[in-house]
Amino acid sequence: HVQLVESGGGSVQPGGSLRLTCAAAGIPFTTGCLGWYRQAPGKEREGVAAVDSDGTTAYADAVKGRFTISKDNAKRILYLQMNNLKPEDSCMYYCAVVKNPTKVRAAGIGSADFGYWGQGTQVTVS
């Protein structure tokens, strides 16, 4: 039974920070590739960041230098530290399993195929 539960969203002013958390169960947490994507109403899903089993990370250009993805294998928790938030970062954020890590390594997070995601957590920057 796959379960991904996100938390940590909220409302902040521009320039502020949030740390999103995703508690995972029922997935190969230590051996798989995990990531975050975001989606605003009426817009396409956008890959934000991913971390592979060996710690290799990938980020969308829009968040490079501001967001950091990490995970705690012992606790089975995925994190997304978001700093210097901008109004355009406002939307729902989801953690998910990345089904094609090899392609993501080669072509970037924009090529990520996500499977198994949680209910999301809302981030509002204004």
Side-chain angles (χ1 to χ4, degrees):
H1 175 63
V2 177
Q3 191 171 25
L4 298 168
V5 180
E6 303 94 336
S7 61
S11 296
V12 296
Q13 294 182 343
S17 298
L18 286 172
R19 187 176 77 159
L20 305 185
T21 298
C22 174
I27 61 170
F29 192 87
T30 57
T31 59
C33 183
L34 304 173
W36 293 89
Y37 71 84
R38 62 188 183 185
Q39 190 166 22
K43 293 189 176 182
E44 292 189 358
R45 179 185 299 181
E46 178 189 16
V48 174
V51 56
D52 209 344
S53 56
D54 63 353
T56 301
T57 57
Y59 294 94
D61 287 344
V63 307
K64 278 181 182 176
R66 301 188 297 123
F67 291 11
T68 302
I69 189 170
S70 62
K71 61 177 184 171
D72 185 324
N73 288 332
K75 295 181 179 179
R76 298 180 63 87
I77 296 178
L78 181 70
Y79 300 100
L80 185 67
Q81 178 66 43
M82 306 187 295
N83 298 328
N84 191 21
L85 283 160
K86 303 176 181 180
E88 51 264 42
D89 295 320
S90 299
C91 60
M92 286 290 286
Y93 284 73
Y94 302 84
C95 73
V97 174
V98 177
K99 297 164 62 178
N100 58 341
T102 301
K103 187 170 184 179
V104 170
R105 284 174 180 258
I109 189 67
S111 66
D113 182 13
F114 295 102
Y116 297 121
W117 51 85
Q119 83 290 346
T121 186
Q122 177 69 41
V123 171
T124 302
V125 186
S126 64

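Please read these numbers as outputs of a predicted model, since none were measured by experiment. Residue numbers run from 1 in the order of the sequence given.
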When rounded to the nearest 0.5 angstrom, what is the spacing between [atom1] in [X] and [atom2] in [Y]?
X: T21; Y: K71; atom1: OG1; atom2: NZ; result: 15.0 Å
X: I27; Y: L34; atom1: CD1; atom2: CG; result: 4.5 Å
X: F67; Y: S17; atom1: CZ; atom2: OG; result: 9.5 Å
X: L20; Y: Q122; atom1: CG; atom2: CD; result: 10.5 Å
X: K99; Y: C33; atom1: NZ; atom2: SG; result: 13.0 Å

Would you indicate whether [X], at its atom [atom1], is surrounded by more than 12 heavy atoms from other residues, nucleotides or ligands within a distance under 6.0 Å?
X: E44; atom1: CD; value: no
X: Y79; atom1: OH; value: yes
X: Q13; atom1: CD; value: no

Between the side chains of R66 and D89, is the shortest nitrogen-to-carboxylate-oxygen separation below 4.0 Å, so that they form an ion pair? yes
Salt bridge between D61 and K64, side-chain N to carboxylate O under 4.0 Å? yes
Are any side-chain N or O atoms of [X] and backbone N or O atoms of [Y], one a donor and one an acceptor, separated by less than 3.5 Å?
X: Y59; Y: I69; result: yes
X: E6; Y: G118; result: yes
X: D72; Y: K75; result: yes
X: W117; Y: W36; result: no
X: D54; Y: T56; result: yes
X: R38; Y: E46; result: no
X: S53; Y: T30; result: no

Hydrophobic clustering (ILVMFWY, side-chain heavy atoms < 4.5 Å, transitive) - are [Y] and [X] grouped together?
X: V51; Y: Y93; answer: yes
X: M82; Y: V125; answer: yes
X: F29; Y: V2; answer: yes
X: Y37; Y: V63; answer: no
X: V48; Y: I109; answer: no

Please find the pair of heavy atoms, one from [X] and one from [Y], that lie closest to each other, and give the distance.
X: P87; Y: S90; value: O-OG, 2.9 Å
X: F114; Y: A96; value: CD2-CB, 3.7 Å
X: A23; Y: I77; value: CA-CG1, 4.5 Å
X: Q39; Y: R45; value: NE2-N, 3.6 Å
X: V123; Y: G9; value: CG2-CA, 4.3 Å

Show your working on side chain to side chain contact (heavy atoms under 4.5 Å, CB included) between L4 and L78 and close with a plain yes or no. CA-CA 10 Å; L4 298 168; L78 181 70; over 6 Å; no
